Amino acid sequence: MGVKRSLLKTLWASVGLLFCVALLALSVPRLLGSLYAAYPETLLKQHKIVKDDFYRKAITELDVALSWHNDPQYWHLKSNCYLALYNSSTVTTEEKADTLAQAQIALEQGLALSPVDPFNWYKLASVRDLAGNSQHIIQSAYKLSLYSGRVEPDILISRLNFGLAHLKAFDYETNDLWLKQIPIAYQIKPTELVNLTVHNPALKTFVFAVFLFQNDKLTHFINAFEIANKLTLKTPQ
């Protein structure tokens, strides 16, 4: 009996040791990845213009971080660094094309790992649009942004505006998803929806169609639109 107990204790101790080793093997790459990603994260949180070399260094650090841990967030940080370079006034036209292509690749890699991400699907649609991709490719990313998160206050108005510019190229399903964003915008961002309509008169027809049988909402929108429109006309351009 004593021998059996001793063997059991040894067995459980071995199991416990293996478990600890497994945890360590999983946690160390994550830890090292996060250490290398710390610099890019800090850099991108700064609300000021920095030198291009800082973004290039951040991309290098993220490559190392990804070699340790293939985290979707690291890919998206990498895409943000490339987009910062794309928007830099010191980057050449040839470099801009390359940085935009690299931003697109990084976004696609990150979304492949974590597809439920309305923000980055919308960003990918925008990047594909800038890169001159086909409307079908742009639409696929835009549609997935809507499917993965219909109610997203931070991108609601900009996503609505983006869709308005592509309605003629989008299919019926995507246009229907886009149209359903209007009542959501009315509930969450009514002032922003009115202002968007003032600057994009084509949107007015769609808003009217959505609220055709909702007289109170339609009346409220029309009144707010007329006030905002008059203020815009009076404001010096």
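Since the structure is predicted, the reported quantities are computational estimates derived from the model, not experimental observations.
- Side chain of R159 to main chain of Y122: no donor-acceptor pair is present (N/O by atom type, distance under 3.5 Å, no hydrogens or angles).
- The aromatic rings of F221 and F211 lie tilted to each other, with the angle between the two planes from 30° to 60°.
- Of the N and O atoms on the side chains of D171 and T174, at least one donor lies less than 3.5 Å from an acceptor on the other residue.
- Geometrically, K217 does not engage Y186 in a cation-pi contact, judged by NZ or CZ lying under 6.0 Å from the ring centre and within 45° of the ring axis.
- Between D63 and K78, at least one side-chain nitrogen of the basic residue sits less than 4.0 Å from a carboxylate oxygen of the acidic one, meeting the salt-bridge criterion.
- Between Q104 and N133, the closest side-chain pair of non-hydrogen atoms falls below 4.5 Å.
- Note that CD of E95 is 13.5 Å distant from CG of L100, once rounded to the nearest 0.5 Å.
- In this structure, the side chain of T60 engages the main chain of R56 through a donor-acceptor pair within 3.5 Å.
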| message | Walk me through whether L111 and W75 qualify under side-chain contact (heavy atoms from CB on, under 4.5 Å). | response | CA-CA 9 Å; L111 287 164; W75 284 110; over 6 Å; no

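- In this structure, the separation between CD1 on I59 and CG on L66 is 11.5 Å, given to the nearest 0.5 Å.
- Counting only distance, with no hydrogens or angles, the side chain of N175 and the backbone of L167 share a donor-acceptor pair below 3.5 Å.
- For the pair P190/L193, no side-chain contact is recorded, criterion being any heavy-atom separation below 4.5 Å from C-beta on.
- For the pair W68 (side chain) and S34 (backbone), a donor-acceptor distance under 3.5 Å is absent.
- Residues R128 and S140 are in side-chain contact: their nearest non-hydrogen atoms beyond the backbone lie under 4.5 Å apart.
- With hydrogens and angles ignored, the 3.5 Å screen pairs no side-chain donor or acceptor of T219 with any backbone N or O of D216.
- Contact annotation: the side chain of K57 never approaches that of K51 to less than 4.5 Å [non-hydrogen atoms, C-beta and beyond].
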| message | side-chain contact (heavy atoms from CB on, under 4.5 Å) for N80 and K123? Distances and angles first, verdict last. | response | CA-CA 10 Å; N80 288 338; K123 188 186 292 182; 2.6 Å; yes

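- The neighbour count for H69 NE2, taken as heavy atoms of other residues, nucleotides or ligands under 6.0 Å away, is above 12.
- The 12-atom threshold is exceeded at CZ of F170, counting heavy atoms of other residues, nucleotides or ligands nearer than 6.0 Å.
- Counting heavy atoms from C-beta outward, P72 and N120 have side chains that stay 4.5 Å or more apart.
- The shortest non-hydrogen separation linking A58 to P40 is O-CG, 3.5 Å.
- The shortest heavy-atom contact between S148 and P115 is CB-O, 4.4 Å.
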| request: Given side-chain contact (heavy atoms from CB on, under 4.5 Å), test F206 with T197 step by step and report yes or no. | output: CA-CA 10 Å; F206 296 102; T197 311; over 6 Å; no

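- Nearest heavy atom pair, residue I157 against residue A185, reads CD1-CB, 4.2 Å.
- Here the NZ-CG distance, from K143 to D176, works out to 11.0 Å after rounding to the nearest 0.5 Å.
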| task | Report the C-alpha distance between Y55 and L43 in whole Å, list the side-chain angles of each, state the deciding distance to 0.1 Å, and finish with yes or no for side-chain contact (heavy atoms from CB on, under 4.5 Å). | result | CA-CA 8 Å; Y55 292 115; L43 176 68; 3.6 Å; yes

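- The distance from the CG atom of N87 to the OH atom of Y82 is 15.0 Å, given to the nearest 0.5 Å.
- Across V50 and Q46, no two heavy atoms sit closer than the pair CG1-OE1, 4.1 Å.
- Here CG of N195 is found 10.5 Å from CZ of F225. Values are rounded to the nearest 0.5 Å.
- For N200 (side chain) and L203 (main-chain N/O), no donor-acceptor pair under 3.5 Å exists by modelled atom type.
- Counting only heavy atoms from C-beta outward, the side chains of L62 and Y36 never approach each other to under 4.5 Å.
- Put simply, the side chain of D129 reaches to within 4.5 Å of the side chain of H166, judged on heavy atoms.
- F162 has its ring centre less than 6.0 Å from the ring centre of Y142.
- Summarising the local packing, CZ of R150 is surrounded by 12 or fewer heavy atoms from other residues, nucleotides or ligands at distances under 6.0 Å.
- Rounding to the nearest 0.5 Å places NZ of K189 at 13.0 Å from CD of Q181.
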